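Below is one structure, written out as structure tokens; the observations come after it.
The sequence lines fix the lettering, A, B, ..., with proteins before strands; numbering per chain opens at 1. Source: prediction; values computed, not measured.
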Protein chains: 2
Amino acid sequence: MASDTDTLPRRTVSPDLTAARPASRYEQVKHYITERIASGEWGVGSRLPSENELVETLGVSRMTVHRALRELMGEGIVTRAQGVGTFVARPAPRAEVLELRDIADDIQAGGGRHRSRVVLLETIRADGHLALAFDQRPGVKLFHSVLIHYEDDTPLQIEERFVSPHFAPDYLDQDFATTHPHRYLFQISPPHEVEHVIFAVTPEADQQALLELDGPEACLQLVRRTWVDGRVVMRGVFTYPGSRYSFGGRRQT
Amino acid sequence: MASDTDTLPRRTVSPDLTAARPASRYEQVKHYITERIASGEWGVGSRLPSENELVETLGVSRMTVHRALRELMGEGIVTRAQGVGTFVARPAPRAEVLELRDIADDIQAGGGRHRSRVVLLETIRADGHLALAFDQRPGVKLFHSVLIHYEDDTPLQIEERFVSPHFAPDYLDQDFATTHPHRYLFQISPPHEVEHVIFAVTPEADQQALLELDGPEACLQLVRRTWVDGRVVMRGVFTYPGSRYSFGGRRQT
DNA sequence: TCGATGGGGTTGTATAGACTTACCTAGAGT
DNA sequence: ACTCTAGGTAAGTCTATACAACCCCATCGA
């Protein structure tokens with residue numbers, strides 16, 4: 001069925017263990033297509049080969065080609081019409097909404113002096129709620145860290161993180177006085193997906209103490225989850241005094 | 001293969017032409033699942049039947065069940081883990097950060113019943129701070145409205161707006177019991193530019209009363225400014241009880 | 001000239017089956 | 001207590017095949 005030229009390689013029996021898991025066939029097909037679109041070989045509006053032609057060319061089954069094309073349509077890269085064909089879509093501009101930033105950069109950008117203190121660094125077992133956030137069963141092992149970030153000696157953020165050991169097995173051995181968790185995790189791998197949820201909370205007594213608040217001042221709480229390869233690798237809870245911080249953004253429409 | 005009970009109906013040979021095309025099998029499977037999640041029969045975090053169990057129950061092939069579940073995962077409704085199972089995901093945050101939405105749509109999307117009450121509708125003269133927000137001199141005339149939005153008779157938002165008379169000269173004559181300010185302003189012109197800033201605040205006594213809070217619960221405050229033709233046309237202050245609302249967003253990187 | 005009717009090509013859906021990969025647990029051994 | 005291993009379970013992928021739905025166009029007949 002497969003010709004000798006231009007087909008995707010058969011999956012090897014013993015894949016190179018140092019390399020990442022080989023991309024699945026349909027991902028290879030997606031890559032084959034996006035590469036040609038990105039290079040301009042297939043211009044905007046032009047017609048792609050039909051599913052059956054791609055089957056011939058790439059030596060995979062039509063269902064595999066179909067899945068690749070369906071996902072590319074979901075990503076807005078191609079448009080499809082039954083009975084007609086598949087076409088390169090017009091690229092759509094995408095606005096960044098919430099950015100991933102290091103608070104140290106944030107403070108220094110504002111002219112402040114940043115320092116941080118490690119309060120806690122340990123292994124825990126997840127309770128039900130935390131396990132749910134990681135799509136895992138209760139009792140799974142997670143790393144847990146708590147840091148305080150100061151701007152000119154005033155506490156600005158409590159940074160609490162739960163990290164999957166599979167993603168960062170050496171997390172507990174890091175010196176977070178010099179390298180921040182954000183940078184360390186980012187260096188292992190930038191997340192493929194990020195979720196942010198913002199709450200208003202009244203801080204617990206211990207949080208009040210850490211933030212050196214006089215009373216039960218309202219706080220902003222940003223809960224961030226990051227994914228790599230479809231798995232939750234980190235859940236961070238960042239707590240800011242409401243009087244000292246705000247989130248914002250501006251964009252043209 | 002299929003049992004007689006609870007299976008999805010076989011596609012009829014002559015579908016009812018008055019009805020829309022019958023939903024495809026995988027869509028029926030999706031509906032079967034989302035219905036049970038929405039009804040609470042399958043609670044957050046609970047495990048769904050495995051693919052093979054659904055194959056047995058619904059009398060469709062595993063590929064069909066798999067596609068339904070894969071799409072539901074893409075929509076954030078369930079999470080899946082190889083070797084473990086499929087679980088009902090945590091519900092997504094109510095409002096996307098930096099997205100311009102009508103709270104009435106927001107509430108109805110969540111299955112709630114929306115109503116609103118006009119507390120105030122007047123003309124004021126801007127003080128220094130407010131004039132600054134509009135890039136105007138103090139003393140400039142602005143329209144001022146305060147509404148409360150309820151979800152099932154529970155206050156969910158205080159909506160306070162300052163509107164430039166040049167942009168919406170008839171603002172005070174509107175019946176905001178039927179048309180909300182958001183829709184009215186949007187219909188005059190969608191903004192060219194939007195700024196959002198999110199705070200955590202402890203509400204004043206009058207705000208506590210309007211939101212029917214028992215105590216000084218932390219609140220989220222979203223301040224929005226919108227521009228049309230380079231001029232600020234609206235400044236809105238939206239106050240939510242922290243326990244009843246959250247902002248969030250998720251994106252791929 | 002015009003409309004109707006097929007036929008061929010293209011995507012959409014569905015199935016059965018096989019194999020792969022990942023996770024978890026129980027039990028054996030240390 | 002801890003580690004290791006084997007087995008069971010569940011999702012992930014891929015194939016070959018079939019049929020349906022749809023579009024376009026060429027052909028045919030009035």
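- What separates CE of B:M73 from C1' of D:dT13 is a distance of 13 Å, to the nearest Å.
- Nucleotide C:dA14 holds its C1' atom 14 Å from the CD atom of B:E71, rounded to whole Å.
- Residue A:E56 contributes atom CD, which lies 14 Å from atom C1' of D:dA16 at whole-angstrom precision.
- Taking atom CZ of A:F134 as the reference point, atom C1' of C:dC24 lies 19 Å away to the nearest angstrom.
- Remark: A:E204 CD is loosely packed, at most 12 non-hydrogen atoms of other residues, nucleotides or ligands lying under 6.0 Å away.
- Using a 4.0 Å cut-off, some side-chain N or O of B:R25 falls inside it from OP1 or OP2 of C:dT15.
- Proximity of a side-chain donor or acceptor of B:D152 to a complementary backbone N or O of B:G112 within less than 3.5 Å is not detected.
- For the pair A:K30 NZ and D:dT13 P, the computed distance is 10 Å after rounding to whole Å.
- The pair A:E71-B:R70 meets the salt-bridge criterion, with a side-chain N (NZ, NE, NH1 or NH2) lying under 4.0 Å from an Asp/Glu carboxylate O.
- B:T79 OG1 to B:F87 CZ: the interatomic distance, rounded to the nearest 0.5 Å, is 7.0 Å.
- Checking the phosphate oxygens (OP1, OP2) of C:dA14, no side-chain nitrogen or oxygen of B:Y26 falls inside 4.0 Å.
- Remark: side-chain polar atoms of A:R225 are paired, donor with acceptor, to backbone N or O of A:A133 under 3.5 angstrom.
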Taking only N/O atoms, report every protein-nucleotides 3-10 of chain C pair under 3.5 Å with atom names and distance.
from   : atom 1 : to    : atom 2 : distance (Å)
C:dG9  : N2     : A:G83 : O      : 3.4
C:dT10 : OP1    : A:R47 : NH2    : 3.1
C:dT10 : O2     : A:G83 : N      : 3.2

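- Nearest to the side-chain atoms of B:R67 among the listed nucleotides C:dT13, C:dT15, D:dT13 stands C:dT13.
- Contact annotation: A:T64 side-chain N/O to D:dT13 OP1/OP2 distance is not under 4.0 Å.
- Among A:E35, A:E75, A:R25, A:R67, the one residue that satisfies the side chain to side chain contact (heavy atoms under 4.5 Å, CB included) test with A:K30 is A:E75.
- Nucleotide D:dT13 holds its P atom 7 Å from the CD atom of A:E27, rounded to whole Å.
- B:R62 has its CZ atom 10 Å from the C1' atom of C:dA18, to the nearest Å.
- A close approach under 4.0 Å does not occur between any side-chain nitrogen or oxygen of B:H66 and OP1 or OP2 of D:dA11.
- In the set D:dC19, C:dA18, D:dC14, D:dC14 carries the atom at the smallest distance from any side-chain atom of B:M63.
- Remark: P of D:dT13 and CZ of B:R70 are 7 Å apart, rounded to the nearest angstrom.
- Taking 4.0 Å as the cut-off between side-chain N and carboxylate O, B:R80 and B:E51 count as a salt-bridged pair.
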